[in-house]
Amino acid sequence: MAAFNREDTGPLVHTIGKPIVELSHVDKHFGDLHVLQDINLTVAKGEVVVVLGPSGSGKSTLCRTINRLETIDSGTITIDGTPLPTEGRPLAQLRAEVGMVFQSFNLFAHKTILENVMLGPLKVRKKPKTEAEKQARDILERVGVANQAAKYPAQLSGGQQQRVAIARSLAMEPQVMLFDEPTSALDPEMVQEVLDVMVSLARGGMTMIVVTHEMGFARKAANRVVFMSDGQIIETADPESFFDNPTSDRARDFLGKIL
Ligand code: ADP
Ligand code: MG
C-alpha cells in the first residue's frame, strides 16, 4: 500500500478483504445521455474509495445505482457477492447493507435525534426497542452528538445534523457506506467536524465510497482515487500518484481547476 500523507494521525490500519461492492460492465442512459459507460469497479472490505470528477460526470448516478435508487441498463452490481435484487423485500434487505449519506441530511423533522437513529433498526432490522436505543446512544456518542439525542433536527447545526445522518446509516450496520458530497451543503466551519467522523470511520475499517471535493480527506483517508469524466472511469490510482502525477489530460485539467 502506498504511504499516505497522514503524519498527524499515524497510519491507518486497513484490513483489505473480500469484494463488498462489485460493478461489472455497468451501463446507464438517461434518454440520449450515456451517463455511465462500461463502469467496472470493485471495492474490497475495509477499502476507502474516493470518487472525483467534474460536475455532471456521473458520480451521483454511480452511487444511486449501488443501492438501486437508479436502475441500470446492462451489466451487474453485486453487494457482498449477492446481485442487486430488483424489487420488494429482498431489495429492502439489501439496501440496508448499503448506507447512504447525501448532501442534504434528510432527517425526519418530527422525530427526535434518538428516534431518527432508532427507526431503521426497529423497522428493518426488527431489533427490540431497548437494544435499538442502547445502540443508537452508542453511535450518537461515537459521532459526538450524544447530548443532542432528545432534540429535533431543526434545533441542530448543519454539521450536527449531518453527523446524525451518518449515525442513522451506521445504526443499520451496513456493509458499505456511500457518501455523496456530504459536506457540500455545510457552512465552511462545519465541514471539518463531519470529515473527522468520516476519517474515524475509515480508521475503524468501514468500507466506504466517498464522492467529495475535499482533497484533504482524499489524501488522508483514501486507499484509492477513482476519477470520472463524462460517464467513464478515466483513472484509478492511489491518492499520492493521482494528485502528484495524474496521467490523463482530463484529470490534470480537473485538478488544475480545483487545487
Ligand atoms: P455528478 O454527480 O457527477 O455531478 P450526476 O450523476 O448527478 O453527475 O449526473 C450525470 C449526468 O446525468 C448529468 O448530465 C445530469 O444532468 C444527468 N442526470 C442525472 N440525473 C438525471 C435524471 N434523473 N434524468 C435525466 N438526466 C439526469
Ligand atoms: Mg453529484
Side-chain angles (χ1 to χ4, degrees), residues 21-43 48-77 79 84 86-87 91 95 98-107 158-159 161-162 165-166 169 174 176-188 190-191 194-195 198 208-219 221-222 224-237 239 242-243 246-259:
V21 177
E22 271 191 295
L23 290 91
S24 176
H25 301 295
V26 169
D27 274 281
K28 176 164 184 72
H29 295 77
F30 286 122
D32 289 340
L33 181 68
H34 198 172
V35 62
L36 296 177
Q37 303 180 27
D38 193 30
I39 298 292
N40 295 286
L41 177 66
T42 300
V43 181
V48 178
V49 172
V50 166
V51 180
L52 300 176
S55 179
S57 55
K59 306 181 298 297
S60 293
T61 305
L62 176 71
C63 286
R64 292 167 59 81
T65 61
I66 295 173
N67 66 353
R68 196 67 175 53
L69 288 170
E70 295 284 357
T71 57
I72 57 176
D73 300 337
S74 57
T76 55
I77 300 177
I79 307 294
L84 275 183
T86 49
E87 60 192 0
L91 178 58
R95 262 195 195 138
V98 183
M100 185 138 177
V101 176
F102 303 89
Q103 191 172 324
S104 55
F105 325 124
N106 297 324
L107 298 174
Q161 287 187 59
Q162 192 60 307
I166 294 172
S169 284
V176 55
M177 288 278 289
L178 307 181
F179 294 85
D180 189 2
E181 302 202 27
T183 60
S184 296
L186 296 175
D187 292 335
M190 293 169 188
V191 168
V194 173
L195 293 178
M198 292 166 61
M208 296 164 64
I209 300 175
V210 183
V211 178
T212 184
H213 297 298
E214 294 291 334
M215 300 304 141
F217 173 83
R219 278 196 184 257
R224 252 191 313 155
V225 168
V226 167
F227 175 72
M228 287 185 73
S229 181
D230 298 317
Q232 295 171 307
I233 294 180
I234 305 289
E235 221 172 299
T236 303
F242 181 77
F243 291 116
T247 57
S248 65
D249 288 342
R250 279 192 266 188
R252 269 194 294 277
D253 185 50
F254 172 75
L255 288 172
K257 284 179 181 142
I258 57 158
L259 292 180

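Quick note: residue numbers are just sequence positions, from 1. One-based numbering, in listed order, for ligands and for the atoms of each.
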So if I count the atoms of ligand 1 from 1 in the order they appear, which ones are less than 4.0 Å from some heavy atom of [X]?
{"X": "P54", "value": "3 (O)"}
{"X": "S57", "value": "1 (P), 3 (O), 8 (O)"}
{"X": "T61", "value": "5 (P), 6 (O), 9 (O)"}
{"X": "L33", "value": "11 (C), 12 (O), 14 (O), 17 (C)"}

Checklist entry - At what distance, to the nearest 0.5 angstrom, does OG of S24 lie from CG of L41? => result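 The distance works out to 11.0 Å.
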Item to check | Test side chain to side chain contact (heavy atoms under 4.5 Å, CB included) applied to T76 and V26, step by step | outcome: CA-CA 6 Å; T76 55; V26 169; over 6 Å; no
Checklist outcome for this item: S57 and D230 have their tightest heavy-atom pair at CB-N, 3.7 Å
Checklist outcome for this item: Correct closest heavy-atom pair for L195 and T183 would be CD2-CG2, 3.9 Å
Taking [atom] as the reference point, the nearest protein heavy atom with its distance:
{"atom": "atom 7 (O) of ligand 1", "value": "S60 CB, 3.6 Å"}
{"atom": "atom 4 (O) of ligand 1", "value": "G56 N, 2.7 Å"}
{"atom": "atom 20 (N) of ligand 1", "value": "F30 CE1, 3.4 Å"}

Checklist entry - Going by distance only, is there an N or O of G58 that falls short of 3.5 Å from an N or O of ligand 1? => result yes
Checklist entry - Below 3.5 angstrom, do we get any N/O pair linking E70 and ligand 1? => result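 No; the residue has no nitrogen or oxygen that sits under 3.5 Å from a nitrogen or oxygen of the ligand.
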Determine yes or no for a side-chain-to-main-chain donor-acceptor pair under 3.5 angstrom, with [X] supplying the side chain and [Y] the backbone.
{"X": "R95", "Y": "R68", "result": "yes"}
{"X": "K59", "Y": "G53", "result": "yes"}
{"X": "H213", "Y": "M215", "result": "no"}
{"X": "R224", "Y": "V49", "result": "no"}
{"X": "Q162", "Y": "P182", "result": "yes"}

Checklist entry - Which bit of V35 is near ligand 1, meaning a heavy atom under 4.0 Å away: side chain, backbone, both or neither? => result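 The answer is the side chain of V35.
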Item to check | With A251 via side chain to side chain contact (heavy atoms under 4.5 Å, CB included) - residues at least two apart | outcome: F227, E235, F242, P246, S248
Next on the checklist: Taking the six-membered ring of F30 as reference, does the cationic atom of K28 (NZ for Lys, CZ for Arg) lie under 6.0 Å from its centre and within 45° of its axis?
Outcome noted: yes
Checklist entry - Is the closest basic N to carboxylate O distance between D253 and R250 below 4.0 Å? => result no
Checklist outcome for this item: Protein N/O/S atoms closer than 2.8 Å to the Mg ion (ligand 2), ordered by chain and number, come to S60 OG
Item to check | Nearest candidate to atom 3 (O) of ligand 1, where distance is taken over non-hydrogen atoms, out of K59, R64, H34, E181 | outcome: K59
Next on the checklist: Checking contacts now, so for atom 26 (N) of ligand 1, which I'm interested in, is there any protein heavy atom under 4.0 Å?
Outcome noted: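 It does: a protein heavy atom is found less than 4.0 Å away from atom 26 (N) of ligand 1.
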